[in-house]
Participant: 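The structure is given below, and queries will be raised subsequently.
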Amino acid sequence: MEGKITSLTFQKHNPDRVNVYLDGQFAFGLAAIEAARLRVGQFLSAPEVAELQGRDAEEQAYEKALDLLSYRPRSTTELARRLRQAEFPPPATEAALDRLKRVGLVDDRAFAKWWVENREKFRPRGRRMLRWELRQKGVSDHIIDEVLAPLDERSSASKLAQKRAPRLRDLDKETFRRRLRGYLARRGFPYSIVRDVVQEAWEELQVSAP
């Protein structure tokens, strides 16, 4: 694709983008900041068009990533996956991620710490489950080991059991223990911790019973 620029018009639904016409025909869209360097009558060679489109794809990928990050932190792999799903070309995706890393907006270690802290606050999980979740996000094992090292699994399991136990108050002892054990095990806590925490939860219910 090459030709002489015959028109540069702002897009109706997105004034931050400009439609570029070559030889009277729509050729491609471009970010307004990039289009500001162009002028009607200018000839664009095929390599120049390809370069402009490549920079534009990178900018759009960057903006898309920023939008995704506005909802919550994300890992490098998670962002790359979402950008691929949005059909951004690999060079644009890689360039956008590099920009985000340089300004500190993408950091797998910071993301992993946030993920574990968020889980601890709202939905406690055992190390096994947290490790699986972080691996699904593409976080490396050495970062996972680092962020999980200070985790107090027993405290997390106890907190979760205390929150869940009142819902099982009317069950007999064996049913109570089976239900609560299953609940904690499904959240990645090891049997050695689950066993003790369930027993403590049962005993606390008996003490507080009217």
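For the numbers below, each heavy atom of this structure counts, side chains included, while hydrogens, waters and symmetry mates do not.
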Participant: How far does CZ of R82 sit from CG of L68, to the nearest 0.5 angstrom?
Facilitator: 5.0 Å
Participant: Please name the pair of heavy atoms, one in L160 and one in P124, separated by the smallest distance, quoted to 0.1 Å.
Facilitator: CD2-O, 3.7 Å
Participant: For a side-chain hydrogen bond (donor to acceptor under 3.5 Å, both in side chains) check, start with the C-alpha distance between D108 and S75, then their side-chain angles and the critical distance, and finish with the verdict.
Facilitator: CA-CA 5 Å; D108 280 358; S75 68; 4.8 Å; no
Participant: Within 45° of the six-membered ring axis of Y183 and under 6.0 Å from that ring's centre, is NZ or CZ of R187 located there?
Facilitator: yes
Participant: If you look at every heavy atom in A65 and L100, which pair is closest and at what distance?
Facilitator: CB-CD1, 3.4 Å
Participant: Looking only at atom types and distance, does a side-chain atom of D23 sit under 3.5 Å from a main-chain N or O of K4, one as donor and one as acceptor?
Facilitator: yes
Participant: Under 6.0 Å from the CZ atom of F43, do we count more than 12 heavy atoms belonging to anything else shown?
Facilitator: yes
Participant: Passes side-chain hydrogen bond (donor to acceptor under 3.5 Å, both in side chains), E120 versus S156? Steps please.
Facilitator: CA-CA 7 Å; E120 275 293 279; S156 299; 2.6 Å; yes
Participant: Which side-chain N or O atoms in residues 44-63 pair as donor and acceptor under 3.5 Å with protein atoms at least two apart or in another chain?
Facilitator:
residue : atom : partner : partner atom : Å
S45     : OG   : E48     : N            : 3.4
S45     : OG   : E48     : OE1          : 3.3
E48     : OE1  : S45     : N            : 2.8
E51     : OE2  : R55     : NH1          : 2.8
R55     : NE   : E34     : OE1          : 3.3
R55     : NH2  : E34     : OE1          : 3.0
D56     : OD1  : R17     : NH1          : 3.0
D56     : OD1  : A31     : N            : 3.1
D56     : OD2  : R17     : NH2          : 2.8
D56     : OD2  : Q60     : NE2          : 2.9
E59     : OE1  : R99     : NH1          : 3.1

Participant: Are E133 and R123 ion-paired here, with the side-chain N under 4.0 Å from a carboxylate O?
Facilitator: no
Participant: Less than 4.0 Å between a side-chain N and a carboxylate O, is that true for R125 and E153?
Facilitator: no
Participant: Taking transitive links into account, so neighbours of neighbours count too, which hydrophobic residues share a cluster with L151 at under 4.5 Å side-chain distance?
Facilitator: F111, W114, W115, V116, L130, L134, V139, I143, I144, V147, L148
Participant: Check K137 against E78 and note the closest heavy-atom contact, atom names and distance.
Facilitator: NZ-OE2, 3.4 Å
